[in-house]
Amino acid sequence: MEIVTQQLGDVLEVKVKGRLDNYWTEHLRGNLEEIIRGGAHGIHLNLSEISFLSSAGVGLLVKFHTQLKGIGGVFIVTSPSERVKQVLDLCRLSTILL
């Protein structure tokens, strides 16, 4: 998995490439926790290059959305790949996370 971050105005874009399965979800979790500890309260997670999204990955997205919303921040998924969009639609999370 490849994770690239870049500041876009007042939000931080985190672009992820690869598979968001159980193994890689833990790596992304650590990265996002570090970003939030660093003071970022606006995160746009670009999943345009994610080829697989597991239930662990979905759980991670909901966790960080809830966590940042609770402190007045923003966590959204931007540019989801077709596979990611299908999974979020099936879980009925598109309106919340996209």
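- Leu93 CG to His65 NE2: the interatomic distance, rounded to the nearest 0.5 Å, is 9.0 Å.
- Salt-bridge formation is not detected for the pair Glu34/Arg37: no Lys NZ or Arg NE/NH1/NH2 atom is positioned less than 4.0 Å from an Asp or Glu carboxylate oxygen.
- Put simply, the side chain of Ile35 reaches to within 4.5 Å of the side chain of Leu12, judged on heavy atoms.
- Rounded to the nearest 0.5 angstrom, Glu26 CD and Asn31 CG are separated by 12.5 Å.
- Using modelled atom types, one finds no donor on one side chain facing an acceptor on the other under 3.5 Å when comparing Asp21 with Ser54.
- Screening Leu88, Val84, Leu32 for a side-chain contact (heavy atoms from CB on, under 4.5 Å) involving Leu61 leaves a single residue, Leu88.
- Side-chain atoms of Ser94 and Lys85, non-hydrogen and from C-beta on, do get closer than 4.5 Å to each other.
- Taking the side chain as every heavy atom from C-beta outward, Arg29 and Lys63 approach each other to under 4.5 Å.
- Expressed to the nearest 0.5 Å, how far CZ of Arg19 lies from CZ of Arg83 amounts to 10.0 Å.
- Under the 4.5 Å side-chain criterion, counting only non-hydrogen atoms from C-beta, Lys15 is not in contact with Ile3.
- Summarising the geometry of His44 relative to Thr78, their closest heavy-atom pair is CB-CG2, 3.8 Å, with the distance given to 0.1 Å.
- Residue Ser48 comes nearest to Ser81 through the heavy atom pair O-CB, 3.6 Å, listed as atom of the first residue, atom of the second, then distance.
- In this structure, Ile50 and Val16 have side chains that are in contact, with non-hydrogen atoms separated by less than 4.5 Å.
- Annotation: the span from Ile76 atom CD1 to Leu97 atom CG amounts to 9.5 Å, rounded to 0.5 Å.
- Heavy-atom neighbours of Asn22 CG from other residues, nucleotides or ligands within 6.0 Å: at or below the threshold of 12.
- Of all non-hydrogen atoms in Asp10 and Gln7, the two that sit nearest each other are C-NE2, 3.8 Å.
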Subject >> Residues Leu45, Leu47; criterion side-chain contact (heavy atoms from CB on, under 4.5 Å); working and verdict >> reply: CA-CA 6 Å; Leu45 190 63; Leu47 299 182; 3.7 Å; yes

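- Inter-residue side-chain proximity for Phe75 and Thr66 is flagged as unmet; no heavy-atom pair is nearer than 4.5 Å.
- Taking each heavy atom of Val74 and Leu68 in turn, the nearest pair found is O-CD1, 3.7 Å.
- To the nearest 0.5 Å, atom CH2 of residue Trp24 and atom NZ of residue Lys17 are 13.5 Å apart.
- Using a 4.5 Å heavy-atom threshold, the side chains of Val58 and Leu53 count as touching.
- With a 4.5 Å cut-off on side-chain heavy atoms, Met1 and Leu20 count as touching.
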